[in-house]
Enquirer: 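Starting off with a structure, shown below.
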Protein chains: 2
Amino acid sequence: MRDLATEMGIKAASLYNHISSKQEILKIIIISLAEAFTSEMNIIIASEGSSLDKLNKIVALHVKTASENTYEMAALNNDWMHLEEQRHYYLQLRSEYEENFRHIITSGIANKELKDENVEVMLFSMLSTLRSLYLWIPKKEDLNIQNLNTSLSNVLIHGFNK
Amino acid sequence: MRDLATEMGIKAASLYNHISSKQEILKIIIISLAEAFTSEMNIIIASEGSSLDKLNKIVALHVKTASENTYEMAALNNDWMHLEEQRHYYLQLRSEYEENFRHIITSGIANKELKDENVEVMLFSMLSTLRSLYLWIPKKEDLNIQNLNTSLSNVLIHGFNK
DNA sequence: TTTTCAGACTAACAAGTGTTAGTTTTGTGA
DNA sequence: TCACAAAACTAACACTTGTTAGTCTGAAAA
């Protein structure tokens, strides 16, 4: 809290005129990002289009979030486990999101859009790549968001062997 | 240190009969895993075989490391930045490893084994999935290591669209 | 049997943590 | 110009942290 206050040019005690605890800061950052993300995810789920279309949209949503909310994504990824009252709620949002993602994949397999490969492995592979974007995007200043969407979708969905 | 000592059934001060500082514990865990990993990686680099063969071997090495050294992998992934004297050495090992990985991909593209897709995106996608394995493997108790190697290689390298 | 020493112990330190109580300053509306 | 509220301040709290100094214990070596 002292570091944070110094960065803002005030004393630590003055922070408590604005927030009620350190926990509250964590909660605000993580829960508001998680809710914003979830609501965009629900729009994708409800949309028309093939499973591949939806997967592409999910990739784009992650790229957008990681580039516009890099630090919030870092907090969400690294510090969600330090939430207290909201930990359960966060985990609920997260498992709904994973369940939606999984459903898109199984539907895609069912209607022959996707290979009949291990669903959990597919899900894990996409999720862990997309969740790490926040670490990687800031290091590649020169990349164009549209190109990134395209090549990330290509690599994740279509693979890279000939 | 007090938690650690309690877990061992001794008092915190007694730990200092065995190690010289908390830092040293971190160093031992991270550097020894990184060195072991690097030396196995070098064997793969030096081996005969196509780029695809090498990529498969790298996947298998990550799966093996994540399942046999889950906690050490967690420490390495989450706490390498808290290394002090060894931070530079760690980053050096890591960038050599990434450079080797990148080289396998560019060779694969050059000899037409792999698609001519964005190398950095391919590398990022594989790396972030493989680096997250330590989080995921313990949750899937029932999975067989050999099957995991196969389906992970399939998903990462061949993609999952039809 | 005595000596030695690794490895446990207790007690305490200095520094850092989030937070509160009470006070002063500052800027805006009456 | 005055009143008041927002938001800064100082001082201190209770607790946690890694670590050290000095001591005791028990088992192996002499």
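Any value given below was found using the heavy atoms of this structure, including those in side chains, with hydrogens, waters and symmetry copies removed. Because the structure is predicted, anything quoted here is derived from the model rather than measured. In what follows, chains carry the letters A, B, and so on, assigned in the order in which the sequence lines appear, proteins first and then strands, with residues in each chain numbered from 1.
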Enquirer: Can you name the residues that form a ring-ring contact (aromatic ring centres under 6.0 Å, His included) with B:F101, not counting sequence neighbours?
Expert: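 With sequence neighbours excluded, B:F101 shows a ring-ring contact (aromatic ring centres under 6.0 Å, His included) to no residue whatsoever.
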Enquirer: List in chain and number order the residues that pass side chain to side chain donor-acceptor pair (under 3.5 Å) with A:S50, two or more places apart in sequence or in another chain; answer none if no residue qualifies.
Expert: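 If we apply the side chain to side chain donor-acceptor pair (under 3.5 Å) test to A:S50, skipping adjacent residues, the hits are A:D53, A:E113.
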Enquirer: List the residues meeting salt bridge (Lys or Arg N to Asp or Glu O under 4.0 Å) with A:K64, not counting sequence neighbours, and say none if there are none.
Expert: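 Residues passing salt bridge (Lys or Arg N to Asp or Glu O under 4.0 Å) with A:K64: A:E40.
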Enquirer: Can you list everything that forms a salt bridge (Lys or Arg N to Asp or Glu O under 4.0 Å) with B:K22? Sequence neighbours excluded, please.
Expert: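 Listed in chain order: nothing, the list is empty.
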Enquirer: Provide the closest heavy-atom pair for B:I29 versus B:A75 in the form atom of the first, atom of the second, distance.
Expert: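 Looking at all heavy atoms of both residues, the shortest contact is CG2-CB, 4.0 Å.
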Enquirer: What pairs of residues pass the salt bridge (charged side-chain N to carboxylate O under 4.0 Å, His left out) test when at least one of them lies in residues 4-13 of chain A, not counting sequence neighbours?
Expert: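 Residue pairs passing salt bridge (charged side-chain N to carboxylate O under 4.0 Å, His left out), neighbours aside: none found.
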Enquirer: In whole angstrom, give the distance that lies between atom OH of A:Y16 and atom C1' of C:dG22.
Expert: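 From A:Y16 OH to C:dG22 C1': 17 Å.
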Enquirer: At a cut-off of 3.5 Å, list every protein nitrogen or oxygen paired with a nitrogen or oxygen from nucleotides 23-29 of chain C, distance to 0.1 Å.
Expert:
none

Enquirer: For B:E99, enumerate each residue passing the salt bridge (Lys or Arg N to Asp or Glu O under 4.0 Å) test, keeping only those at least two apart in sequence or located in another chain.
Expert: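 Only B:R102 meet the salt bridge (Lys or Arg N to Asp or Glu O under 4.0 Å) criterion with B:E99.
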Enquirer: Which residues within residues 81-90 of chain B lie with some heavy atom under 4.0 Å of an atom in DNA chain C?
Expert: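 Listed by number, there are none.
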Enquirer: Which residue pairs pass the salt bridge (charged side-chain N to carboxylate O under 4.0 Å, His left out) test when at least one of the two sits in residues 70-83 of chain A, sequence neighbours left out?
Expert: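 Non-adjacent pairs meeting salt bridge (charged side-chain N to carboxylate O under 4.0 Å, His left out): zero.
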Enquirer: Would you give a per-nucleotide map of nucleotides 4-17 of chain C, 5' to 3', where B means the base has a protein non-hydrogen atom under 4.0 Å away, S means only the sugar-phosphate does, and - means neither?
Expert: ---BBBB-B----B
Enquirer: List in chain and number order the residues that pass salt bridge (Lys or Arg N to Asp or Glu O under 4.0 Å) with A:E98, two or more places apart in sequence or in another chain; answer none if no residue qualifies.
Expert: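 Here the qualifying residues are A:R94, A:R131.
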Enquirer: With sequence neighbours excluded, tell me which residues meet ring-ring contact (aromatic ring centres under 6.0 Å, His included) with A:F124.
Expert: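 Testing A:F124 for ring-ring contact (aromatic ring centres under 6.0 Å, His included), a comparison that skips the adjacent residues, returns B:W136.
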